[in-house]
Amino acid sequence: MGSITGVVLAAFLAYGAAWYAGAVEGNFSLLLFLATAVTGVYWVAERLVFLPQRRRAAQRLLAEHDQRKAALEKQGFSQIEGDIESARQKVLAQPWWLDWTAGLFPVILAVFLLRSFLFEPFKIPSGSMIPTLRVGDLILVNKYHYGVRLPVLNTKVWSNHSPQRGDVMVFRYPPQPSLDYIKRVIGLPGDEVAYLNKQLSVNGQPVPRVAQTDFFDKDSMRYAKQWQETLGGKTYSTLNDADRPAFVPGATEFPFADGCRYSVEGVVCKVPEGHYFMMGDNRDNSLDSRYWGFVPEANIVGKAFFVWMNFGDLGRIGSFE
């Protein structure tokens, strides 16, 4: 079993190395599921097969020791060399290949259940959600808020809340579902969303906004126009780049694209049933539904709600809702 386990562990390491090197497209959910399943098989085998075998071997060792002791006592010897308890503990000890499988199963299972059904950590990789979320923010995503989904398959098995306008949501990027994106929910199924001349409207009603002090981006060393916007009862800040035009360049073909009208002023879209219109708070620096279309309900991952760490700025820790 040691050699077989070595091959299994080597396969996991090879996959991780290939993923890190960019040779394969990684899927952490699948990798964690497989690790849970494999270590779970070893854990069950340890309880039902390997541990009972070691216990029987330890009992045989004690029986042989007692027989040897009795035989020596008949010959007049009162002491026997060797530490039988130490030898017994060595026989009972798990081999390395069980330490690295069955021994890790409870920890891997706990991580799998926590990540799949309760909370999942994410790291913000880009500035599309500035100023709400900054590059380097480590956030928590509530996995059950929008309903419980099966790991890997992402199939909903229990419904909970529906996404609401203004929610910050993590979802699988429609053109490449292996990637997770984070944006703000702007349009619900059936809504008409208009973003014209950098003014957002939903169902013909302009979304209220109030001008704020210009925002200074330390990374780009530039100022941006900042607005306080209120949508769905949630108030948050958005940015606009005065030097960027209002029209949407480079929009791709996507499902239900015939529901969108593009012009030099921007875009107007009718959100189809079972889909959502998403936008980043950094409006002129966000690749979102204006470019690649709508997010299907099946692509929802969870609701983002808390920054639990930013190693470059500890003051970022806390709720951003």
Side-chain angles (χ1 to χ4, degrees), residues 1-2 4-48 50 94-126 133 136-160 168-183 295-311:
M1 286 297 295
I4 295 176
T5 304
V7 172
V8 172
L9 294 177
F12 275 98
L13 290 174
Y15 178 81
W19 183 4
Y20 181 79
V24 299
E25 189 174 282
N27 186 325
F28 187 75
S29 295
L30 177 60
L31 183 65
L32 186 59
F33 171 76
L34 291 176
T36 304
V38 170
T39 57
V41 169
Y42 275 89
W43 186 84
V44 172
E46 161 71 353
R47 294 298 183 274
L48 299 181
F50 301 126
Q94 283 186 342
W96 70 269
W97 49 272
L98 280 172
D99 283 339
W100 285 89
T101 51
L104 294 177
F105 172 68
V107 175
I108 295 176
L109 177 64
V111 172
F112 174 74
L113 293 176
L114 180 66
R115 185 183 184 276
S116 299
F117 301 110
L118 296 177
F119 305 105
E120 182 174 357
F122 283 88
K123 182 178 181 179
I124 302 300
S126 71
L133 295 170
D137 281 349
L138 301 177
I139 66 169
L140 286 178
V141 174
N142 187 323
K143 296 294 290 287
Y144 61 86
H145 183 81
Y146 298 131
V148 175
R149 297 172 183 269
L150 292 177
V152 183
L153 299 177
N154 207 42
T155 302
K156 184 186 287 188
V157 294
W158 179 70
S159 297
N160 198 3
V168 177
M169 189 168 77
V170 173
F171 55 92
R172 301 184 192 281
Y173 179 44
Q176 191 176 351
S178 61
L179 298 179
D180 290 322
Y181 266 34
I182 183 169
K183 307 290 180 185
V295 175
E297 196 276 339
N299 284 42
I300 293 175
V301 172
K303 182 182 180 182
F305 69 99
F306 192 83
V307 177
W308 63 271
M309 179 56 71
N310 185 313
F311 293 103

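Inter-residue side-chain proximity for Tyr173 and Val295 is flagged as unmet; no heavy-atom pair is nearer than 4.5 Å. Counting heavy atoms from C-beta outward, Val148 and Asn160 have side chains that stay 4.5 Å or more apart. Residues Leu31 and Tyr15 are in side-chain contact: their nearest non-hydrogen atoms beyond the backbone lie under 4.5 Å apart. Side-chain contact between Lys303 and Val141 is absent, with no heavy atoms from C-beta onward closer than 4.5 Å. Counting only heavy atoms from C-beta outward, the side chains of Val307 and Leu133 approach each other to under 4.5 Å. Annotation: side chain of Phe311 is in contact with side chain of Leu138 (closest heavy-atom distance under 4.5 Å). A 4.5 Å side-chain heavy-atom check between Arg172 and Pro296 finds every atom pair outside the cut-off.
In this structure, CZ on Phe171 lies 11.0 Å from CG on Leu179, to the nearest 0.5 angstrom. Here the CH2-CG distance, from Trp308 to Asp137, works out to 11.0 Å after rounding to the nearest 0.5 Å. The CG atom of Asp99 sits 11.0 Å away from the OG1 atom of Thr5 when rounded to the nearest 0.5 Å. To the nearest 0.5 Å, atoms OG (Ser116) and OH (Tyr144) are separated by 15.0 Å. The distance from atom OH of Tyr42 to atom CD1 of Ile4, rounded to the nearest 0.5 Å, is 6.5 Å. In this structure, CZ in Arg149 is found 5.0 Å from CG in Asn154, a value given to the nearest 0.5 Å.
Phe305 and Phe119 have tilted rings, their planes meeting at an angle from 30° to 60° on a 0 to 90° scale. Aromatic ring orientation, Phe50 versus Trp97: perpendicular (interplanar angle above 60°, classes split at 30° and 60°). Ring orientation note: the planes of Trp19 and Phe28 are tilted relative to one another, at an angle of 30° to 60°.
More than 12 heavy atoms of other shown residues, nucleotides or ligands fall within 6.0 angstrom of atom CZ in Phe117.
Here the closest heavy-atom approach between residue Lys123 and residue Gly136 is recorded as CE-CA, 4.2 Å. When all heavy atoms of Ala304 and Val170 are compared, the pair lying nearest together is CB-CG2, 4.5 Å. The heavy-atom pair separating Pro106 from Gly103 by the smallest distance is CD-O, 3.8 Å. Smallest separation of non-hydrogen atoms from Ser159 and Lys156: OG-CD, 3.5 Å.
Each of Ile139, Val301, Leu114 was evaluated against Glu120; a single residue qualifies, Val301, per the side-chain contact (heavy atoms from CB on, under 4.5 Å) test.
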Practice item. Show your reasoning for whether side-chain contact (heavy atoms from CB on, under 4.5 Å) applies to Tyr146 and Met169. Key: CA-CA 10 Å; Tyr146 298 131; Met169 189 168 77; 3.7 Å; yes
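Remark: the backbone N or O of Thr36 is paired with a side-chain donor or acceptor of Thr39 at under 3.5 angstrom.
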